[in-house]
Protein chains: 2
Amino acid sequence: MSKMHKEHTLTKNQQIIFDLIDKSPEPMKAYSILFNVQKKGINAPLQVYRALDKLVEIGKIHKIESRNAFIACHNSSCQVAKATAFSICEICEKVTEISSTGLSKYLANFKDKDGMKYSKYNLEFFGLCKKCTLK
Amino acid sequence: MSKMHKEHTLTKNQQIIFDLIDKSPEPMKAYSILFNVQKKGINAPLQVYRALDKLVEIGKIHKIESRNAFIACHNSSCQVAKATAFSICEICEKVTEISSTGLSKYLANFKDKDGMKYSKYNLEFFGLCKKCTLK
DNA sequence: TAACATTATGTAATAATATAACATTAATAT
DNA sequence: ATATTAATGTTATATTATTACATAATGTTA
């Protein structure tokens with residue numbers, strides 16, 4: 001059930017940065033990450049971006065493209081690391097990863113007019129979260 | 001059939017920038033737009049970004065978030081300007097707007113675990129276009 | 001039309017996001 | 001062991017986007 005993510009041993013920098021993102025309740029931006037890990041000896045933007053690139057590549061984190069921010073993957077049944085779906089609250093900016101078998105099947109099987117299938121996708125839904133709807 | 005887009009009279013800067021994007025076969029980036037319109041008296045990034053913001057708002061163009069680039073809307077039957085779907089070729093970077101009634105209906109009606117619906121979305125599919133598949 | 005509000009413009013400065021280039025070190029695989 | 005690949009460290013720079021402030025054009029209402 002949880003071996004869907006092939007195990008990668010993270011390097012020191014990758015682990016430091018993953019831990020930080022994983023603990024964060026909201027997506028983190030690169031320079032905010034940098035600021036937070038400077039006490040641990042990571043001094044330069046490139047060190048952060050390299051770790052982020054790798055973590056995205058192996059599916060431990062996802063990038064929220066519309067926000068230039070990174071969030072830990074909480075979708076252990078995700079079969080294709082690069083097929084992602086999120087909901088984003090336009091008021092409080094809360095971001096939630098969507099794990100819907102129906103949705104992922106629908107999108108994985110979607111064909112365009114030419115019959116082409118696209119294995120990877122990134123879907124971002126925008127609207128109001130429950131809390132903000134009630135306000 | 002084509003009155004789905006409420007008519008907005010574009011201002012001079014908006015028209016110049018829309019025409020440029022509309023003629024471009026591929027998505028354009030802000031500073032590339034700036035370079036191209038400097039001969040028409042648009043000198044500063046902010047002038048470009050302001051026009052882009054407005055054009056996105058009224059649905060004349062869309063932003064390809066994963067590429068920080070802008071493309072004209074070629075989807076005249078699009079009912080909700082902010083519900084967008086694209087395919088992106090990872091080799092040649094060709095971007096195509098997807099207009100599939102099935103897809104847009106499916107996504108417009110999608111509910112998350114809490115039963116929340118999200119009116120707006122941005123979907124980017126990644127893969128190989130027809131040409132690049134044949135290579 | 002005058003007064004007011006709203007939207008768009010122009011310009012300069014700067015903030016925020018991301019990569020190039022190069023030298024070095026660590027880990028992995030014959 | 002040595003060749004290869006992946007990760008690190010550092011400096012500089014490129015790219016993308018916004019803040020702040022002054023002015024002009026447009027729309028609205030009395």
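Residue numbers begin at 1 in each chain, while the letters A, B, ... track the order of the sequences.
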According to a strict under-4.0 Å criterion, is [X] in side-chain N/O contact with OP1 or OP2 of [N]?
X: B:K29; N: C:dT17; result: no
X: A:N43; N: D:dG9; result: no
X: B:T11; N: C:dT9; result: yes
X: A:Y49; N: C:dT19; result: no
X: A:K63; N: C:dT17; result: no

Exercise for review: Could you tell me whether the side chains of A:N43 and A:Q47 share a donor-acceptor contact shorter than 3.5 Å?
Suggested key: no
Check your understanding: Any idea which heavy atoms bring B:A108 and B:Y121 closest together, and the distance?
Key -> N-CE2, 4.3 Å
Check your understanding: Starting at CG of B:L46 and ending at C1' of C:dT9, how long is that distance when rounded to a whole Å?
Key ->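 So the CG-C1' distance, B:L46 to C:dT9, works out to 9 Å.
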Point to revise | Between C:dT9 (P) and B:Q15 (CD): distance, integer Å | key: 12 Å
Check your understanding: Toward the 5' end of DNA chain D, which comes first, A:Y31 or A:Q47, by nearest nucleotide?
Key ->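 Of the two residues, A:Q47 wins.
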Review point. When the nearest nucleotide of DNA chain D is assigned to A:G41 and to A:N68 on a heavy-atom basis, which residue is associated with the more 5' position?
Key: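 Between the two, 5'-proximity favours A:G41.
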Check your understanding: Is a side-chain donor or acceptor of B:N36 paired with a backbone partner of B:S32 at a separation under 3.5 angstrom?
Key ->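 Answer holds: yes.
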